[in-house]
Amino acid sequence: MTQTTLRYTGPACPIPTTEYPTIQLAHGGGALSRMLVHRLFLPAFHNDALAVLHDGAVLGAHELARAAGGGWPMQDGGRLALTTDSFVVKPLFFPGGDIGSLAVHGTLNDLAMCAARPVALTTALVIEEGLAMDDLWRVIDSMRRAADAAGVPVVTGDTKVVERGKGDGLFINTTGLGVVPTGISILPARARAGDAILLSGPIAMHGITILSMREGLELETRLESDSADLGPLVRIILAAGGDAVHVLRDPTRGGVASALCEIASDARIGMLLDERAVPVLPEVRGACELLGLDPLYVANEGKCIAIVAPEAQKAVLDAMRRHPRGISAAVVGRVTDQADGRVVVRSSIGDERILEPLSGEQLPRIC
């Protein structure tokens, strides 16, 4: 296929007359930008709100009612939840997912940790000149499949293109809008002495998967990221525990340790964590030992911490174990009456240590 480019003495920005196999600076605006929208984004994320092609999406009562399960949610005390996040994971594609599905799952999970049912997503892509068009399509298609599986439309978005060498392939920002049902309040401040700390499954899978790819580690067992939409699991937890579910958190960057330290500090409570009860796959534990990492601090993208009142512990744990994402759920600790914001870990040999929050990012570009 022949490409024709008009050349001039100004900034180097090709003006295309035909299609390109890679992203060009011109994809950041004008005709090629419209081509991306009409040939990639609109077919992938097609819905009525997006088809308007306005500067933003206008959502009516029916979208909110759908998320709330019927009726106008604002009339009976329902509330809106809004979250946004950016994803710069390296590499773009990894076992168990890619930057596209990770962006959708990560934003859906942030809504789920607020007990919100998702209504809509937005996305913005910062694309580096030279990115293969096939790779961009793989990411978009992955986002579409993840959003479709959750039943959530991508209703508006944006693209920007930066020069070669300035963007490392692709960065994605996603924003999520959700509805919090009436009578549900999920806040760190609600944690109480005696509450059980539940964990939905084996930890550190995402972080070790990404790190093993970067370092070229050859593990005996093929690891995959645990990237997943936690919304269905959270709805089961809330159905089983109701108001007895006090806190929800997805332990992403900084892992379980950082998440618990943040909750304990914010709520001014103490925690006692039983390290023997924390599920860790043997291959993950072996990789952590090889790399000198503590799995408690390694990132997850498909795990949930639930802090629940003791009377609801059994019902919530049983419900979690009936869901595919919670088969290995376990009670891993308790909230204590020590109002010092500390998390104490009891090891397999019975000694105790204090979990300290990380002073910086243990593994950059993990999500």
Side-chain angles (χ1 to χ4, degrees), residues 23 27-28 33 36-37 40-41 44-45 50 55-57 81-94 96-114 116 118-129 131 135-136 138-147 150 152-178 206-207 209-211 213-214 225-231 249-255 258-259 262 298-303 358 360-367:
I23 290 293
H27 282 108
S33 179
L36 285 183
V37 170
L40 297 185
F41 303 129
F45 303 128
L50 181 63
D55 283 346
L82 184 67
T83 186
T84 191
D85 204 351
S86 296
F87 297 84
V88 298
V89 65
K90 182 180 180 180
L92 298 180
F93 304 95
F94 47 85
D98 55 67
I99 192 173
S101 58
L102 183 65
V104 172
H105 291 156
T107 300
L108 292 175
N109 291 346
D110 285 346
L111 289 175
M113 297 307 114
C114 301
V119 175
L121 297 172
T122 77
T123 186
L125 287 77
V126 179
I127 314 169
E128 182 185 13
E129 178 188 21
L131 179 71
D135 286 346
L136 179 60
R138 283 178 63 192
V139 170
I140 293 169
D141 188 54
S142 179
M143 294 181 74
R144 176 194 61 78
R145 287 184 280 109
V152 185
V154 176
V155 297
T156 190
D158 181 51
T159 60
K160 293 292 187 295
V161 178
V162 297
E163 302 94 332
R164 191 183 302 266
K166 302 295 185 181
D168 211 1
L170 177 66
F171 298 151
I172 299 178
N173 172 271
T174 43
T175 295
L177 177 70
H206 178 75
T209 296
I210 299 298
L211 187 57
M213 290 195 67
R214 288 188 198 167
S225 168
D226 59 345
S227 177
D229 172 19
L230 293 171
R249 187 67 60 90
D250 56 335
T252 53
R253 286 176 297 177
S258 294
E262 289 171 5
V298 178
N300 311 272
E301 289 295 342
K303 296 298 181 293
L358 290 174
E361 184 65 67
Q362 183 187 55
L363 182 59
R365 308 285 298 278
I366 198 69
C367 63

- Message: Quick test of your reading of the model: are Arg138 and Asp141 salt-bridged, counting only N-O distances below 4.0 Å?
- Response: no
- Message: Nearest 0.5 angstrom please: Leu125 CG to Asp158 CG, how far?
- Response: 8.5 Å
- Query: If you take all heavy atoms of Pro91 and Arg214, which pair is closest and at what distance?
  - Reply: CD-CG, 4.4 Å
- Okay, side chain of Asn109, backbone of Ala112: is any donor-acceptor separation there less than 3.5 Å? no
- For the pair Arg253 (side chain) and Ile366 (backbone), establish whether a donor and an acceptor sit closer than 3.5 Å, ignoring hydrogens and angles. no
- Given the rule in the side-chain contact (heavy atoms from CB on, under 4.5 Å) test, do Leu211 and Val298 qualify, once you have shown the distances and angles that lead to the verdict? CA-CA 10 Å; Leu211 187 57; Val298 178; over 6 Å; no
- Message: What's the separation between atom NZ in Lys166 and atom CD in Glu129, rounded to the nearest 0.5 Å?
- Response: 11.5 Å
- Got a donor-acceptor contact below 3.5 angstrom from the Glu128 side chain to the Gly165 backbone? yes
- Taking only residues two or more places apart in sequence or in another chain, which ones pass side chain to side chain contact (heavy atoms under 4.5 Å, CB included) with Ile140? Leu40, Phe41, Ala44, Phe45, Leu136, Trp137
- Message: Going by the rule side-chain hydrogen bond (donor to acceptor under 3.5 Å, both in side chains), which residues pair with Thr209 if we only count those two or more places apart in sequence or in a different chain?
- Response: none
- Return the minimal non-hydrogen interatomic distance between Ala147 and Val154, and the atom names on each side. CB-CG2, 4.3 Å
- Query: Which value, rounded to the nearest 0.5 Å, describes the distance between Leu82 atom CG and Leu111 atom CG?
  - Reply: 8.0 Å
- Can you name the residues that form a side chain to side chain contact (heavy atoms under 4.5 Å, CB included) with Asp226, not counting sequence neighbours? Met205, His206, Asn300, Glu301, Lys303
- Test Leu170 against every option in Val88, Ile127, Val126 by the side chain to side chain contact (heavy atoms under 4.5 Å, CB included) rule and name the one that passes. Ile127
- How many angstroms lie between atom CG of Leu108 and atom CG of Leu230, to the nearest 0.5 angstrom? 9.5 Å
- Message: Distance check, rounded to the nearest 0.5 Å: Thr107 atom OG1 versus Leu177 atom CG?
- Response: 12.0 Å
- Task: Would you please name every residue forming a side chain to side chain contact (heavy atoms under 4.5 Å, CB included) with Ala259, sequence neighbours left out?
- Result: Arg249, Pro251, Ile305
- Note on the structure: Which of Asp229, Asp110, Val152 passes side chain to side chain contact (heavy atoms under 4.5 Å, CB included) with Pro118? Answer is Val152
- Atom pair CZ (Arg365) and CG (Leu92), whose distance is rounded to the nearest 0.5 Å: 8.0 Å
- Let me see the working for Phe94 and Ile99 under side-chain contact (heavy atoms from CB on, under 4.5 Å), right down to the final yes or no. CA-CA 9 Å; Phe94 47 85; Ile99 192 173; 5.7 Å; no
- For Ser227, side-chain hydrogen bond (donor to acceptor under 3.5 Å, both in side chains) partners two or more places apart: His105
- Residues two or more places apart in sequence or in another chain: which of them pass side chain to side chain contact (heavy atoms under 4.5 Å, CB included) with Ser33? Thr159
- CA sep, side-chain torsions, deciding dist, call: Cys367, Leu102, side-chain contact (heavy atoms from CB on, under 4.5 Å): CA-CA 7 Å; Cys367 63; Leu102 183 65; 4.1 Å; yes
- Message: Determine whether Leu121 and Met143 satisfy the following criterion, side-chain contact (heavy atoms from CB on, under 4.5 Å), listing intermediate values before the conclusion.
- Response: CA-CA 11 Å; Leu121 297 172; Met143 294 181 74; over 6 Å; no
